[in-house]
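Notes to accompany the following structure.
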Amino acid sequence: MPELPEVEVLRRDLLARMPKPSRIRAIRFLSPKLRTPLKMPKALVGKTLLVRDIERRSKFLIFNIEGGVFISHLGMSGYWRAEKVRSEIKHDHVIIEWENGDLWVYNDPRRFGVFEFYPDLSKAKWFSHLGPEPFSDEFLASQVVDKIRRSERAIKSIIMDAKVMVGVGNIYASEALFKAGINPFKTGKRVSSERISRLLFAIRETLAKAIKGGGSSIRDYVHVGGEKGQFQNEHLVYGRSGEMCTLCSSKIQSKKIQGRSTFWCRNCQS
DNA sequence: AGTAGGACCTGGCCGC
DNA sequence: TGCGGCCAGGTCCTAC
């Protein structure tokens, strides 16, 4: 489910549904662990938690509360749903109980997700090495271009590396490279600065359009109310191997790069 | 140091 | 209908 657009759509959705006053009565864990153990810090047990805001960094949601933050990552298969009455669904792991009775439930079959508390966000290992956000000014700075131009890896792997930039996952990497006309196998070293700069704008545009489209729903749904995103219908190459390229009508190719399926047009991307 | 590959999980789909 | 194999929106850790 989650690359930057899906997490951002989720964040806005949750924020809009957050009860007022935004007080959590309790958080319950139904499983011992996701990717990491699920445990409530002793200091918070039995306390009412006032939520100030919900932010996003990289593919993480950040619930800012008095005295710290809860962070949520959806892994590959996680989703949050909001409900008034608890419906028990296999692989429910976390329940946020609001004071007004609303429930936010985290479900994640593969349990690659994360839900953790930190008194101080800077203590989270997940955040220590992250590159810039695609919508920040820093994203277009020369540092990113330099990092790419020094690398021998395939350009697709580079833009999916959170140390270089955050938010780009397997779907949007293929989509953005198509938009920029760059072959995903080409090493960073062999892409000119000019074309890298074109790529950075293509990444921004791709992610922005995906957010507008409500994200991509490939197999699990994204939205808190259960509706699917719509952007999967606008994918130009991802998941379209063997179909015709929308620009030149040649066949979309598919091959693995570092174990991840990659889609591109042989004719339009060089 | 930079890079590739394995590990973590469950479920759905395809072919035999 | 059953079973093996392969695939899936991510990221850390390990070994070359």
Side-chain angles (χ1 to χ4, degrees), chain A residues 1-11 30-38 56-61 71-80 89-93 106-116 124-131 134 146-177 184-189 203 206-207 209-211 213-223 228-235 237-242 254-263:
Chain A
M1 183 158 65
E3 296 182 39
L4 183 151
E6 289 72 31
V7 179
E8 180 59 24
V9 168
L10 169 62
R11 184 187 75 83
L30 308 180
S31 317
K33 65 187 283 268
L34 297 172
R35 188 168 169 185
T36 57
L38 289 170
R56 179 191 59 73
R57 172 75 172 110
S58 186
K59 298 167 186 170
F60 285 85
L61 284 178
I71 63 169
S72 166
H73 192 291
L74 304 176
M76 291 282 260
S77 56
Y79 68 87
W80 282 95
I89 298 180
K90 197 173 179 186
H91 304 303
D92 284 350
H93 304 298
Y106 179 69
N107 184 292
D108 185 355
R110 296 176 75 182
R111 301 202 302 278
F112 286 171
V114 170
F115 189 85
E116 294 175 338
K125 67 167 176 181
W126 315 98
F127 293 79
S128 57
H129 302 297
L130 295 183
D146 291 348
K147 259 190 189 167
I148 294 173
R149 293 223 65 197
R150 270 187 269 115
S151 175
E152 300 264 26
R153 301 152 79 193
I155 184 73
K156 188 206 179 209
S157 299
I158 302 173
I159 63 175
M160 289 177 66
D161 182 347
K163 293 193 212 67
V164 179
M165 64 181 72
V166 302
V168 179
N170 202 40
I171 292 179
Y172 300 115
S174 282
E175 291 297 309
L177 285 161
F185 288 85
K186 201 159 205 177
T187 61
K189 257 188 184 147
I203 288 169
T206 303
L207 298 178
K209 281 190 176 167
I211 291 170
S216 301
S217 296
I218 304 293
R219 60 193 70 233
D220 307 301
Y221 59 76
V222 174
H223 298 192
K228 284 183 186 302
Q230 289 304 311
F231 195 72
Q232 66 278 9
N233 302 318
E234 293 174 55
H235 292 170
V237 288
Y238 184 86
R240 296 192 172 280
S241 102
S254 165
K255 214 173 178 185
K256 301 239 180 207
I257 294 180
Q258 284 203 234
R260 313 297 302 275
S261 293
T262 305
F263 302 86

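Naming convention: chains lettered A, B, ... in sequence-line order (proteins, then strands); numbering from 1 in each chain.
- Comparing Ala154(A) and Arg219(A) by the nucleotide of DNA chain B that holds the closest heavy atom to each, the one mapping nearer the 5' end is Ala154(A).
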Dot-bracket pairing map - DNA chain C, Watson-Crick plus G-U, both contacts under 3.5 Å, | cross-strand
.|||||||.|||||||

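- If you check every strand for non-hydrogen atoms under 4.0 Å, Ser217(A) touches a base.
- When the C1' atom of dC12(C) is taken as reference, atom CH2 of Trp126(A) falls 7 Å away, rounded to whole Å.
- Under a 3.5 Å cut-off, the side chain of Asp108(A) and the backbone N or O of His93(A) do not form any donor-acceptor pair.
- A syn orientation is assigned to dG9(C), its glycosidic angle lying within 90° of 0.
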Between the protein and nucleotides 8-10 of chain B, list every N/O to N/O distance that falls short of 3.5 Å.
{"residue": "dC9(B)", "atom": "O3'", "partner": "Arg111(A)", "partner atom": "NH2", "Å": "3.3"}
{"residue": "dC9(B)", "atom": "O2", "partner": "Arg110(A)", "partner atom": "NE", "Å": "2.7"}
{"residue": "dC9(B)", "atom": "N3", "partner": "Arg110(A)", "partner atom": "NH2", "Å": "3.3"}
{"residue": "dT10(B)", "atom": "O4'", "partner": "Pro109(A)", "partner atom": "O", "Å": "3.4"}
{"residue": "dT10(B)", "atom": "O3'", "partner": "His91(A)", "partner atom": "NE2", "Å": "3.0"}

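- Arg153(A) has a carboxylate O that lies under 4.0 Å from a charged side-chain N of Asp161(A), or vice versa, which qualifies the two as a salt bridge.
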What verdict does the ring-ring contact (aromatic ring centres under 6.0 Å, His included) test give for Phe127(A) and Phe60(A), after you've listed the backbone C-alpha separation in whole Å, the side-chain angles of each residue and the deciding distance to 0.1 Å?
CA-CA 9 Å; Phe127(A) 293 79; Phe60(A) 285 85; 4.8 Å; yes

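- Counting to the nearest Å, the C1' atom of dC13(B) and the CD1 atom of Ile218(A) are 16 Å from each other.
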Kindly determine whether Ser157(A) and Gln258(A) satisfy side-chain hydrogen bond (donor to acceptor under 3.5 Å, both in side chains), including the steps that lead there.
CA-CA 7 Å; Ser157(A) 299; Gln258(A) 284 203 234; 3.2 Å; yes

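- dT3(B) atom P lies 16 Å from atom NZ of Lys156(A), rounded to whole Å.
- Of the side-chain N and O atoms in Lys59(A), one or more sit less than 4.0 angstrom from OP1 or OP2 of dT11(C).
- The shortest distance between the side-chain N/O atoms of His73(A) and the OP1/OP2 oxygens of dG10(C) is not below 4.0 Å.
- Rounded to a whole Å, the CZ atom of Phe231(A) is 13 Å from the C1' atom of dG9(C).
- Here dG10(C) presents its P atom at 15 Å from CE of Met165(A), a figure rounded to the nearest Å.
- For the contact set between residues 255-263 of chain A and DNA chain C, defined by any heavy atom under 4.0 Å, the members are Lys256(A), Arg260(A), Ser261(A).
- Every side-chain hydrogen bond (donor to acceptor under 3.5 Å, both in side chains) that Thr262(A) has, sequence neighbours left out, goes to Lys156(A).
- Comparing dC9(B) with dC3(C), their P atoms are spaced 24 Å from each other, to the whole Å.
- Here dT3(B) presents its C1' atom at 15 Å from NZ of Lys147(A), a figure rounded to the nearest Å.
- Here Tyr172(A) lies out of heavy-atom contact (under 4.0 Å) with every strand.
- A straight line from CD of Glu8(A) to C1' of dG9(C) spans 16 Å, rounded to a whole angstrom.
- Side chain of His235(A) to main chain of Tyr172(A): no donor-acceptor pair is present (N/O by atom type, distance under 3.5 Å, no hydrogens or angles).
- In this structure, CG in Leu38(A) is found 4.0 Å from CG in Leu34(A), a value given to the nearest 0.5 Å.
- Remark: Lys189(A) engages Glu152(A) in a side-chain hydrogen bond (donor to acceptor under 3.5 Å, both in side chains) (not counting sequence neighbours).
- In this view, Thr36(A) and Glu116(A) satisfy the side-chain hydrogen bond (donor to acceptor under 3.5 Å, both in side chains) rule, not counting sequence neighbours.
- Distance, Arg150(A) CZ to dA1(B) C1': 12 Å, rounded to whole Å.
- Of the inter-residue distances, the one linking Trp80(A) atom CH2 with Ser72(A) atom OG reads 5.0 Å to the nearest 0.5 angstrom.
- With rounding to the nearest 0.5 angstrom, the NZ atom of Lys255(A) is 5.0 Å from the CZ atom of Phe185(A).
- Between Tyr238(A) and Phe263(A), the ring planes are perpendicular. Angles over 60° get that label, and only those under 30° would be called parallel.
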